[in-house]
Amino acid sequence: MIMTLLAATALALAPNAPARAEEQAFEQAETGALSLADHLAPELGRFAVANWVMSGPGEMSELHFTVETGLVLGGQGVRTIWREAGTGAFFGELTRVLDAETGEVVQHWFAAARGEWAVTRQALEFAPDGHGSEFSGEDGFGPFDARTRTRHNADGSYVWTIERRYPGTNWFLVDRGEAVPIAN
C-alpha cells in the first residue's frame, strides 16, 4: 500500500503524469483488460497486518505481521514478503503471476516454518473494490470448497476473508486479515 501511495504520489508529481495517466487509461480501455499488477495495486507497499487464523474447532489464533508487496518479473508478478511483527523474523513469501492461457492466478507460497513451497491456481474475479475466488481442495479432513474475498478500502487499507465448507457443513471462517499501510 505504501509503495502504491508513493508510486501514486511520484506519478502525480511527475511533469507528464496527467498525460501518462490518460495514456494508460486509454491502453486499458483499448485492450479491455487490466494487468494483475493493476488489479493488485492497492496491495502494493508496506503494511501492518493483523491475521486471525483457525487454530482448532471454533478457535482462532491472532498473529501480527509486517508485509511488503512489490512488483517482480518485469511487472508481470506481485511478490509479498511476510515477517513476524516485533521480531522481523522471515515468515514466508507469496508470489502471484497471471497464466495468460487460462486466466488463472498462479500463487507460489513458501512457508518458512516448513521450508517448503506450495503452488495453487485460482480464477480470481475482480471488482472495483477488490477481488475474490472460489476453488476446491483437500486436506487432512477431506475434500472442501473454499471462497476468498479481498476488499480494498478508501483509506489505503485492505481486508480479506477465507471460508471453507466440507461436505455436510456450512461455510465457516478459516482466515481473516486486516492490512493497514505503514508510513515510512
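Not measured: the values here are computed from a predicted model. Residue indices begin at 1 and follow the sequence shown.
Summarising the local packing, CZ of Arg151 is surrounded by 12 or fewer heavy atoms from other residues, nucleotides or ligands at distances under 6.0 Å. The 12-atom threshold is exceeded at CG of Asp139, counting heavy atoms of other residues, nucleotides or ligands nearer than 6.0 Å. Counting non-hydrogen atoms of neighbouring residues, nucleotides and ligands closer than 6.0 angstrom, the CZ atom of Phe91 reaches no more than 12 such neighbours.
No donor-acceptor pair closer than 3.5 Å links the side chain of Asp99 to the backbone N or O of Val105. Listed for the Asn153 side chain is no donor-acceptor partner under 3.5 Å among the backbone atoms of Asp155. Distance alone, capped at 3.5 Å, places no donor-acceptor pair between the Thr95 side chain and the His108 backbone.
One hydrophobic cluster holds both Phe65 and Leu94 under the rule that ILVMFWY side chains link at heavy-atom gaps under 4.5 Å. Residues Leu98 and Val72 are members of separate hydrophobic clusters, defined by side-chain heavy-atom contacts under 4.5 angstrom among Ile, Leu, Val, Met, Phe, Trp and Tyr. Under the 4.5 Å side-chain heavy-atom criterion for ILVMFWY residues, no single connected hydrophobic cluster contains both Val119 and Trp109. Note on Phe172: it does not cluster hydrophobically with Val159, by side-chain heavy-atom contacts below 4.5 Å among ILVMFWY residues. Residue Val67 is grouped with residue Leu63 when hydrophobic side chains (ILVMFWY) are merged at heavy-atom distances under 4.5 angstrom, including chains of intermediate members.
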Quiz prompt | Criterion side-chain contact (heavy atoms from CB on, under 4.5 Å) on Val53 and Val174, from CA distance to verdict | solution = CA-CA 6 Å; Val53 180; Val174 295; over 6 Å; no

Self-check item: Worked verdict on Trp52 versus Glu62 for side-chain contact (heavy atoms from CB on, under 4.5 Å)
Solution: CA-CA 5 Å; Trp52 295 270; Glu62 183 173 341; 3.2 Å; yes

Exercise. Test side-chain contact (heavy atoms from CB on, under 4.5 Å) on Phe135 and Thr120 and set out the steps.
Key: CA-CA 10 Å; Phe135 58 96; Thr120 61; over 6 Å; no

Quiz item: Given Ile81 and Phe110, is the side-chain contact (heavy atoms from CB on, under 4.5 Å) satisfied, shown in steps?
Solution: CA-CA 10 Å; Ile81 304 295; Phe110 179 76; over 6 Å; no

Quiz item: Could you walk me through whether Asp129 and Arg149 pass the salt bridge (Lys or Arg N to Asp or Glu O under 4.0 Å) check?
Solution: CA-CA 10 Å; Asp129 70 339; Arg149 176 73 178 122; 2.7 Å; yes

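A distance of 12.0 Å separates NE2 of His64 from CD of Glu84, quoted to the nearest 0.5 Å. In this structure, Ser61 OG and Asp175 CG are separated by 11.0 Å, a value rounded to the nearest 0.5 Å. Atoms CZ and CD, from Arg83 and Glu93 in turn, are 10.0 Å apart once rounded to the nearest 0.5 Å. Considering CZ of Arg164 and CD1 of Ile162, their distance stands at 8.5 Å, rounded to 0.5 Å.
Of all heavy-atom pairs between Gly156 and Pro181, the closest is O-CG, 3.4 Å. Here the closest non-hydrogen pair linking Pro143 and Tyr166 is O-CD2, 3.2 Å. When all heavy atoms of Arg176 and Thr161 are compared, the pair lying nearest together is CG-CG2, 4.2 Å. The minimum heavy-atom distance linking Leu124 with Ser133 is given by the pair CD2-CB, 3.6 Å. What you find for Val97 and Gly77 is that their closest heavy atoms are CG1-CA, 3.8 Å.
Between Phe126 and His39, the ring planes are parallel. Angles under 30° get that label, and only those over 60° would be called perpendicular. Tyr158 and His152 have perpendicular rings, their planes meeting at more than 60° on a 0 to 90° scale where under 30° would count as parallel.
Here the side chains of Met60 and Met54 are in contact, with some heavy-atom distance below 4.5 Å. Residues Thr80 and Glu43 have side chains not in contact (no heavy-atom distance under 4.5 Å, counting atoms from C-beta outward).
A donor-acceptor contact closer than 3.5 angstrom is absent between the side chains of Gln122 and His131. Judged by distance alone, the side chains of Asp145 and Trp171 never bring a donor and an acceptor atom under 3.5 Å apart.
The one candidate from Glu125, Glu134, Glu163 that meets the salt bridge (Lys or Arg N to Asp or Glu O under 4.0 Å) condition with Arg147 is Glu163.
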